[in-house]
**Student:** 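Got a structure here, written out as C-alpha coordinates. Questions coming.
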Amino acid sequence: MIFRHDIEFDDGRRTTEMKEDRVRKLAIIPAYNEEENIINIVDEIRRQAPEFDFVVINDHSRDNTLALCREHFINVIDLPINLGIGGAVQTGYKYALMNGYDYAVQLDGDGQHDPVCLKAMLDTITAENADMVIGSRFIEKKGFQTSATRRFGIRFFTFLIKILTGRIITDPTSGYRMVNKDIIEKFASDYPRDYPEPESVVSVLKNGRKVIEIPVEMRERQGGVSSINIKRSMYYMIKVTIAMIMERIRR
Amino acid sequence: MSLRLTVSLYVLVALLLIYLIIMMRSKKADIRYILPWLLLDLVLFLAVTFPDMVGEICAFLGIQTASNMVFFFGILFLLCIVFSLTLTVSKLNNEIKNLAQRIALDKTEKAGRDKES
(Lines give C-alpha, C1' and ligand atoms only; values in the text may rest on other atoms or scores of the structure.)
Protein backbone atom coordinates (compact mmCIF):
# COMPACT_ATOMS: atom_id res chain seq x y z
CA MET A 1 0.00 0.00 0.00
CA ILE A 2 1.41 3.41 -0.99
CA PHE A 3 0.45 6.50 0.95
CA ARG A 4 1.36 10.20 1.12
CA HIS A 5 3.60 11.30 3.92
CA ASP A 6 3.60 15.07 4.56
CA ILE A 7 6.74 16.44 6.18
CA GLU A 8 7.30 19.82 7.77
CA PHE A 9 10.88 20.77 8.60
CA ASP A 10 11.98 22.95 11.50
CA ASP A 11 12.62 25.88 9.21
CA GLY A 12 9.06 25.84 7.92
CA ARG A 13 9.74 24.08 4.65
CA ARG A 14 7.08 21.60 3.63
CA THR A 15 7.34 18.64 1.32
CA THR A 16 5.53 15.43 0.47
CA GLU A 17 6.92 11.98 -0.16
CA MET A 18 5.23 8.77 -1.24
CA LYS A 19 5.94 5.93 1.19
CA GLU A 20 5.23 2.29 0.73
CA ASP A 21 3.75 0.50 3.73
CA ARG A 22 4.98 -2.82 2.49
CA VAL A 23 4.81 -6.03 4.44
CA ARG A 24 8.26 -7.49 4.03
CA LYS A 25 8.46 -11.22 3.48
CA LEU A 26 11.52 -13.41 3.13
CA ALA A 27 11.86 -16.93 1.76
CA ILE A 28 14.77 -18.77 3.36
CA ILE A 29 16.15 -21.43 1.04
CA PRO A 30 18.69 -23.73 2.70
CA ALA A 31 20.77 -25.55 0.08
CA TYR A 32 23.35 -28.28 0.35
CA ASN A 33 24.55 -29.71 -2.98
CA GLU A 34 21.47 -28.56 -4.86
CA GLU A 35 23.07 -27.53 -8.14
CA GLU A 36 20.36 -29.43 -10.05
CA ASN A 37 17.44 -27.65 -8.40
CA ILE A 38 18.45 -24.26 -7.13
CA ILE A 39 17.94 -22.23 -10.31
CA ASN A 40 14.53 -23.79 -10.92
CA ILE A 41 13.36 -23.09 -7.39
CA VAL A 42 14.41 -19.46 -7.53
CA ASP A 43 12.73 -19.02 -10.92
CA GLU A 44 9.53 -20.53 -9.57
CA ILE A 45 9.50 -18.19 -6.60
CA ARG A 46 10.07 -15.21 -8.87
CA ARG A 47 7.11 -16.30 -10.99
CA GLN A 48 4.65 -17.55 -8.36
CA ALA A 49 5.38 -15.15 -5.54
CA PRO A 50 7.27 -12.10 -6.79
CA GLU A 51 6.38 -10.10 -3.69
CA PHE A 52 8.64 -12.40 -1.63
CA ASP A 53 12.29 -11.61 -1.16
CA PHE A 54 14.47 -14.66 -0.96
CA VAL A 55 17.89 -15.68 0.24
CA VAL A 56 19.70 -18.93 -0.49
CA ILE A 57 21.80 -20.28 2.37
CA ASN A 58 24.61 -22.27 0.83
CA ASP A 59 25.57 -24.79 3.53
CA HIS A 60 29.14 -25.21 2.29
CA SER A 61 28.06 -27.28 -0.71
CA ARG A 62 30.68 -29.46 -2.34
CA ASP A 63 29.15 -28.99 -5.79
CA ASN A 64 28.42 -26.04 -8.01
CA THR A 65 25.56 -24.56 -5.99
CA LEU A 66 27.41 -21.39 -4.94
CA ALA A 67 28.88 -20.69 -8.38
CA LEU A 68 25.44 -21.11 -9.98
CA CYS A 69 23.92 -18.65 -7.54
CA ARG A 70 26.60 -16.06 -8.18
CA GLU A 71 26.32 -16.49 -11.97
CA HIS A 72 22.58 -15.86 -11.83
CA PHE A 73 22.94 -13.00 -9.33
CA ILE A 74 20.89 -14.88 -6.75
CA ASN A 75 21.00 -13.48 -3.22
CA VAL A 76 23.11 -16.09 -1.41
CA ILE A 77 24.74 -16.38 2.00
CA ASP A 78 27.82 -18.55 1.81
CA LEU A 79 28.47 -20.46 5.03
CA PRO A 80 32.20 -21.06 5.63
CA ILE A 81 31.54 -24.45 7.22
CA ASN A 82 28.75 -27.00 6.93
CA LEU A 83 26.24 -26.40 9.74
CA GLY A 84 23.42 -28.75 8.79
CA ILE A 85 19.80 -27.82 8.18
CA GLY A 86 19.25 -26.25 11.61
CA GLY A 87 22.31 -24.01 11.47
CA ALA A 88 21.67 -23.03 7.86
CA VAL A 89 18.02 -22.11 8.41
CA GLN A 90 18.90 -20.22 11.59
CA THR A 91 21.33 -18.15 9.53
CA GLY A 92 18.33 -17.23 7.40
CA TYR A 93 16.37 -16.18 10.49
CA LYS A 94 19.28 -14.04 11.66
CA TYR A 95 19.34 -12.42 8.23
CA ALA A 96 15.58 -11.83 8.46
CA LEU A 97 15.96 -10.22 11.89
CA MET A 98 18.86 -8.04 10.76
CA ASN A 99 16.86 -6.76 7.80
CA GLY A 100 13.59 -6.19 9.62
CA TYR A 101 11.41 -8.68 7.84
CA ASP A 102 7.82 -9.11 9.04
CA TYR A 103 7.46 -12.72 7.92
CA ALA A 104 9.93 -15.44 7.04
CA VAL A 105 9.15 -18.73 5.33
CA GLN A 106 11.42 -21.74 5.04
CA LEU A 107 11.45 -23.34 1.61
CA ASP A 108 13.72 -26.31 0.98
CA GLY A 109 16.25 -26.22 -1.81
CA ASP A 110 15.40 -29.71 -3.07
CA GLY A 111 12.17 -28.77 -4.82
CA GLN A 112 9.75 -30.52 -2.44
CA HIS A 113 8.08 -27.28 -1.44
CA ASP A 114 5.93 -25.70 -4.16
CA PRO A 115 6.15 -21.89 -4.08
CA VAL A 116 2.52 -21.72 -5.24
CA CYS A 117 1.51 -22.23 -1.60
CA LEU A 118 3.32 -19.13 -0.38
CA LYS A 119 0.38 -16.82 -0.97
CA ALA A 120 -2.00 -19.08 0.94
CA MET A 121 0.40 -19.29 3.87
CA LEU A 122 0.82 -15.54 3.93
CA ASP A 123 -2.93 -14.94 3.78
CA THR A 124 -3.46 -17.36 6.66
CA ILE A 125 -0.78 -15.91 8.88
CA THR A 126 -1.98 -12.34 8.41
CA ALA A 127 -5.72 -13.06 8.56
CA GLU A 128 -5.47 -15.25 11.66
CA ASN A 129 -2.69 -13.19 13.25
CA ALA A 130 -0.84 -16.44 13.80
CA ASP A 131 2.72 -16.86 15.01
CA MET A 132 3.44 -19.82 12.78
CA VAL A 133 1.80 -21.45 9.78
CA ILE A 134 2.88 -24.97 8.84
CA GLY A 135 2.29 -26.48 5.42
CA SER A 136 1.10 -30.01 6.15
CA ARG A 137 1.14 -32.90 3.70
CA PHE A 138 -1.32 -34.91 5.73
CA ILE A 139 -4.42 -32.76 6.08
CA GLU A 140 -5.75 -33.49 2.62
CA LYS A 141 -3.28 -36.29 1.92
CA LYS A 142 -2.53 -34.99 -1.56
CA GLY A 143 0.78 -34.93 -3.30
CA PHE A 144 3.97 -36.72 -2.28
CA GLN A 145 3.27 -38.53 0.99
CA THR A 146 6.84 -39.72 1.77
CA SER A 147 7.81 -43.30 2.65
CA ALA A 148 5.84 -45.56 5.01
CA THR A 149 8.69 -45.69 7.54
CA ARG A 150 8.92 -41.94 7.69
CA ARG A 151 5.18 -41.59 8.02
CA PHE A 152 5.31 -43.91 11.00
CA GLY A 153 7.95 -41.72 12.58
CA ILE A 154 5.89 -38.62 11.83
CA ARG A 155 2.80 -40.14 13.45
CA PHE A 156 4.89 -40.87 16.52
CA PHE A 157 5.95 -37.21 16.73
CA THR A 158 2.35 -36.07 16.27
CA PHE A 159 1.43 -38.30 19.21
CA LEU A 160 4.32 -36.98 21.32
CA ILE A 161 3.43 -33.36 20.58
CA LYS A 162 -0.14 -34.08 21.61
CA ILE A 163 1.08 -35.42 24.97
CA LEU A 164 3.51 -32.56 25.53
CA THR A 165 1.36 -29.65 24.40
CA GLY A 166 -2.19 -30.90 23.88
CA ARG A 167 -2.13 -29.71 20.28
CA ILE A 168 -2.52 -31.87 17.17
CA ILE A 169 0.09 -31.08 14.54
CA THR A 170 -0.35 -33.41 11.60
CA ASP A 171 3.01 -32.70 9.97
CA PRO A 172 5.55 -31.83 12.67
CA THR A 173 8.55 -32.58 10.46
CA SER A 174 7.44 -30.30 7.66
CA GLY A 175 10.10 -27.76 6.82
CA TYR A 176 7.54 -25.71 4.93
CA ARG A 177 6.68 -23.17 7.61
CA MET A 178 6.11 -19.43 7.85
CA VAL A 179 6.65 -17.41 11.00
CA ASN A 180 6.01 -13.86 12.16
CA LYS A 181 8.40 -11.30 13.59
CA ASP A 182 8.26 -12.60 17.16
CA ILE A 183 9.23 -16.09 16.10
CA ILE A 184 11.90 -14.76 13.73
CA GLU A 185 13.50 -13.16 16.76
CA LYS A 186 13.10 -16.32 18.82
CA PHE A 187 14.57 -18.64 16.19
CA ALA A 188 17.39 -16.23 15.41
CA SER A 189 18.68 -16.69 18.94
CA ASP A 190 17.53 -20.24 19.66
CA TYR A 191 17.14 -23.00 17.07
CA PRO A 192 18.11 -26.70 17.17
CA ARG A 193 21.06 -27.87 15.07
CA ASP A 194 19.84 -31.19 13.68
CA TYR A 195 16.35 -32.41 12.82
CA PRO A 196 15.01 -29.12 14.15
CA GLU A 197 11.39 -29.24 13.03
CA PRO A 198 9.57 -31.21 15.76
CA GLU A 199 11.57 -29.64 18.58
CA SER A 200 11.00 -26.09 17.37
CA VAL A 201 7.26 -26.71 17.07
CA VAL A 202 7.15 -27.78 20.73
CA SER A 203 9.16 -24.69 21.62
CA VAL A 204 6.68 -22.39 19.88
CA LEU A 205 3.59 -24.18 21.19
CA LYS A 206 4.65 -24.33 24.81
CA ASN A 207 4.49 -20.54 25.11
CA GLY A 208 0.84 -20.55 24.07
CA ARG A 209 1.50 -19.16 20.63
CA LYS A 210 -0.84 -19.52 17.67
CA VAL A 211 0.22 -22.29 15.29
CA ILE A 212 -1.99 -23.09 12.29
CA GLU A 213 -1.60 -25.84 9.73
CA ILE A 214 -2.77 -25.52 6.16
CA PRO A 215 -2.79 -28.28 3.55
CA VAL A 216 -0.05 -28.25 0.93
CA GLU A 217 1.03 -30.64 -1.76
CA MET A 218 4.67 -31.52 -1.66
CA ARG A 219 6.57 -32.88 -4.59
CA GLU A 220 9.15 -35.60 -4.67
CA ARG A 221 12.71 -34.38 -4.42
CA GLN A 222 13.40 -33.04 -7.89
CA GLY A 223 17.03 -34.03 -8.19
CA GLY A 224 20.14 -34.68 -6.13
CA VAL A 225 20.36 -36.94 -3.07
CA SER A 226 18.73 -36.80 0.35
CA SER A 227 21.06 -36.76 3.35
CA ILE A 228 19.07 -39.20 5.57
CA ASN A 229 19.60 -42.96 5.99
CA ILE A 230 18.33 -45.78 8.26
CA LYS A 231 20.94 -45.80 11.03
CA ARG A 232 20.86 -42.05 11.32
CA SER A 233 17.06 -42.16 11.47
CA MET A 234 17.13 -44.38 14.58
CA TYR A 235 19.58 -42.10 16.32
CA TYR A 236 17.52 -39.05 15.39
CA MET A 237 14.28 -40.57 16.64
CA ILE A 238 15.80 -41.06 20.08
CA LYS A 239 17.61 -37.76 20.14
CA VAL A 240 14.66 -35.70 18.94
CA THR A 241 12.27 -37.39 21.39
CA ILE A 242 14.54 -36.52 24.30
CA ALA A 243 15.03 -33.00 22.93
CA MET A 244 11.29 -32.44 22.65
CA ILE A 245 10.75 -33.51 26.27
CA MET A 246 13.61 -31.28 27.41
CA GLU A 247 12.13 -28.39 25.47
CA ARG A 248 8.80 -28.88 27.19
CA ILE A 249 10.26 -28.84 30.70
CA ARG A 250 12.46 -25.84 30.03
CA ARG A 251 11.66 -22.36 31.45
CA MET B 1 23.68 -57.45 47.34
CA SER B 2 22.80 -55.86 50.66
CA LEU B 3 19.73 -53.69 50.85
CA ARG B 4 21.83 -50.68 51.83
CA LEU B 5 23.99 -51.06 48.72
CA THR B 6 20.95 -51.50 46.47
CA VAL B 7 19.25 -48.39 47.80
CA SER B 8 22.45 -46.32 47.54
CA LEU B 9 22.93 -47.41 43.95
CA TYR B 10 19.32 -46.53 43.07
CA VAL B 11 19.85 -43.09 44.61
CA LEU B 12 23.01 -42.73 42.53
CA VAL B 13 21.13 -43.67 39.34
CA ALA B 14 18.37 -41.17 40.15
CA LEU B 15 20.77 -38.33 40.99
CA LEU B 16 22.75 -38.94 37.82
CA LEU B 17 19.56 -38.88 35.76
CA ILE B 18 18.41 -35.63 37.37
CA TYR B 19 21.80 -34.05 36.82
CA LEU B 20 21.85 -35.09 33.14
CA ILE B 21 18.33 -33.71 32.65
CA ILE B 22 19.31 -30.39 34.23
CA MET B 23 22.35 -30.17 31.94
CA MET B 24 20.24 -30.86 28.85
CA ARG B 25 17.41 -28.59 29.93
CA SER B 26 19.62 -25.58 30.50
CA LYS B 27 21.43 -26.24 27.22
CA LYS B 28 24.74 -26.35 29.07
CA ALA B 29 25.40 -29.63 27.27
CA ASP B 30 24.43 -30.78 23.82
CA ILE B 31 21.98 -33.69 23.91
CA ARG B 32 24.12 -35.42 21.30
CA TYR B 33 27.00 -35.83 23.77
CA ILE B 34 24.78 -36.58 26.78
CA LEU B 35 23.25 -39.66 25.13
CA PRO B 36 26.12 -42.06 26.04
CA TRP B 37 25.83 -41.01 29.68
CA LEU B 38 22.08 -41.65 29.62
CA LEU B 39 22.87 -45.09 28.24
CA LEU B 40 25.35 -45.64 31.08
CA ASP B 41 22.69 -44.65 33.60
CA LEU B 42 20.26 -47.10 32.04
CA VAL B 43 22.81 -49.94 32.14
CA LEU B 44 23.57 -49.14 35.78
CA PHE B 45 19.86 -49.23 36.59
CA LEU B 46 19.47 -52.60 34.88
CA ALA B 47 22.50 -54.03 36.66
CA VAL B 48 21.13 -53.01 40.07
CA THR B 49 17.61 -54.26 39.29
CA PHE B 50 18.68 -57.60 37.82
CA PRO B 51 21.84 -58.62 39.73
CA ASP B 52 21.46 -62.25 38.65
CA MET B 53 21.71 -61.18 35.03
CA VAL B 54 25.08 -59.64 35.84
CA GLY B 55 26.26 -62.99 37.23
CA GLU B 56 25.06 -64.83 34.13
CA ILE B 57 26.78 -62.48 31.70
CA CYS B 58 29.90 -62.87 33.81
CA ALA B 59 29.86 -66.65 33.56
CA PHE B 60 29.05 -66.54 29.85
CA LEU B 61 32.03 -64.33 29.13
CA GLY B 62 34.30 -66.38 31.38
CA ILE B 63 35.10 -63.50 33.73
CA GLN B 64 35.93 -64.49 37.31
CA THR B 65 34.05 -61.94 39.37
CA ALA B 66 31.28 -59.42 38.84
CA SER B 67 33.47 -56.54 39.97
CA ASN B 68 36.09 -57.48 37.36
CA MET B 69 33.42 -57.33 34.71
CA VAL B 70 32.13 -53.99 35.92
CA PHE B 71 35.61 -52.51 35.83
CA PHE B 72 36.32 -53.98 32.42
CA PHE B 73 33.16 -52.74 30.75
CA GLY B 74 33.23 -49.48 32.64
CA ILE B 75 36.71 -48.70 31.37
CA LEU B 76 35.87 -49.87 27.85
CA PHE B 77 32.83 -47.61 27.82
CA LEU B 78 34.79 -44.61 29.05
CA LEU B 79 37.50 -45.26 26.47
CA CYS B 80 34.89 -45.19 23.71
CA ILE B 81 33.45 -41.93 24.98
CA VAL B 82 36.88 -40.34 25.32
CA PHE B 83 37.90 -41.43 21.86
CA SER B 84 34.71 -40.12 20.28
CA LEU B 85 35.35 -36.81 22.05
CA THR B 86 38.89 -36.86 20.63
CA LEU B 87 37.41 -37.11 17.14
CA THR B 88 34.94 -34.32 17.88
CA VAL B 89 37.67 -32.03 19.22
CA SER B 90 39.80 -32.67 16.15
CA LYS B 91 36.91 -31.81 13.86
CA LEU B 92 36.06 -28.66 15.82
CA ASN B 93 39.69 -27.58 15.83
CA ASN B 94 39.85 -27.90 12.08
CA GLU B 95 36.60 -25.99 11.61
CA ILE B 96 37.84 -23.15 13.82
CA LYS B 97 41.03 -22.95 11.79
CA ASN B 98 38.99 -22.74 8.56
CA LEU B 99 36.73 -20.07 10.02
CA ALA B 100 39.67 -17.96 11.22
CA GLN B 101 41.32 -18.13 7.83
CA ARG B 102 38.09 -17.36 6.04
CA ILE B 103 37.39 -14.29 8.20
CA ALA B 104 40.91 -12.96 7.71
CA LEU B 105 40.79 -13.51 3.95
CA ASP B 106 37.36 -11.88 3.68
CA LYS B 107 38.64 -8.85 5.62
CA THR B 108 41.62 -8.54 3.28
CA GLU B 109 39.43 -8.89 0.21
CA LYS B 110 37.05 -6.25 1.49
CA ALA B 111 39.93 -3.87 2.32
CA GLY B 112 41.31 -4.42 -1.17
CA ARG B 113 37.97 -3.60 -2.79
CA ASP B 114 37.44 -0.53 -0.61
CA LYS B 115 40.88 0.70 -1.64
CA GLU B 116 40.05 0.36 -5.31
CA SER B 117 36.84 2.38 -5.01
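Both backbone and side-chain heavy atoms feed into the values below; hydrogens, waters and symmetry mates do not. So that the names make sense, note that chain A is the first sequence line, chain B the second, and so on, each numbered from 1.
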**Student:** Distance from A:Arg250 atom CZ to B:Met24 atom CE, nearest 0.5 Å?
**Tutor:** 9.5 Å
**Student:** Just wondering, are more than 12 heavy atoms of other shown residues or ligands nearer than 6.0 Å to CZ in B:Phe71?
**Tutor:**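 Atom CZ in B:Phe71 is not crowded, with 12 or fewer foreign heavy atoms closer than 6.0 Å.
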**Student:** Just how far is it from atom CG of B:Asp30 to atom NZ of A:Lys239, taken to the nearest 0.5 Å?
**Tutor:**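 Here the rounded value is 6.5 Å.
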**Student:** Walk me through whether B:Ile34 and A:Ile242 qualify under side-chain contact (heavy atoms from CB on, under 4.5 Å).
**Tutor:** CA-CA 11 Å; B:Ile34 296 279; A:Ile242 296 178; over 6 Å; no
**Student:** Are the side chains of A:Ile249 and B:Ile21 in touch, meaning some heavy atoms are under 4.5 Å apart?
**Tutor:** yes
**Student:** Pull out the residues in residues 96-106 of chain B that come under 4.5 Å of chain A, heavy atom to heavy atom, sorted by number.
**Tutor:**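 When heavy atoms of chain A are the reference, residues 96-106 of chain B contributes B:Leu99, B:Arg102 within the under-4.5 Å range.
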**Student:** A quick test of your reading: do over 12 heavy atoms of other residues, nucleotides or ligands sit less than 6.0 Å from NZ of A:Lys162?
**Tutor:**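 No, the 6.0 Å shell around NZ holds no more than 12 heavy atoms from other groups.
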**Student:** More than 12 heavy atoms of other residues, nucleotides or ligands under 6.0 Å from CZ of B:Phe45: is that the case?
**Tutor:**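 Atom CZ in B:Phe45 is not packed in, count stays at 12 or less.
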**Student:** Please indicate whether A:Glu185 has more than 12 foreign heavy atoms, meaning atoms of other residues, nucleotides or ligands, lying under 6.0 Å from its CD.
**Tutor:**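 No, CD of A:Glu185 has 12 or fewer neighbouring heavy atoms, counting only those of other groups under 6.0 Å.
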**Student:** Can you confirm whether B:Tyr19 is buried at OH, in the sense that more than 12 heavy atoms of other residues, nucleotides or ligands lie under 6.0 Å from that atom?
**Tutor:**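 Count not over threshold, so no.
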**Student:** Indicate yes or no: does B:Lys27 engage A:Asp190 in a salt bridge with an N to O separation below 4.0 Å.
**Tutor:**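 Yes, B:Lys27 and A:Asp190 are salt-bridged.
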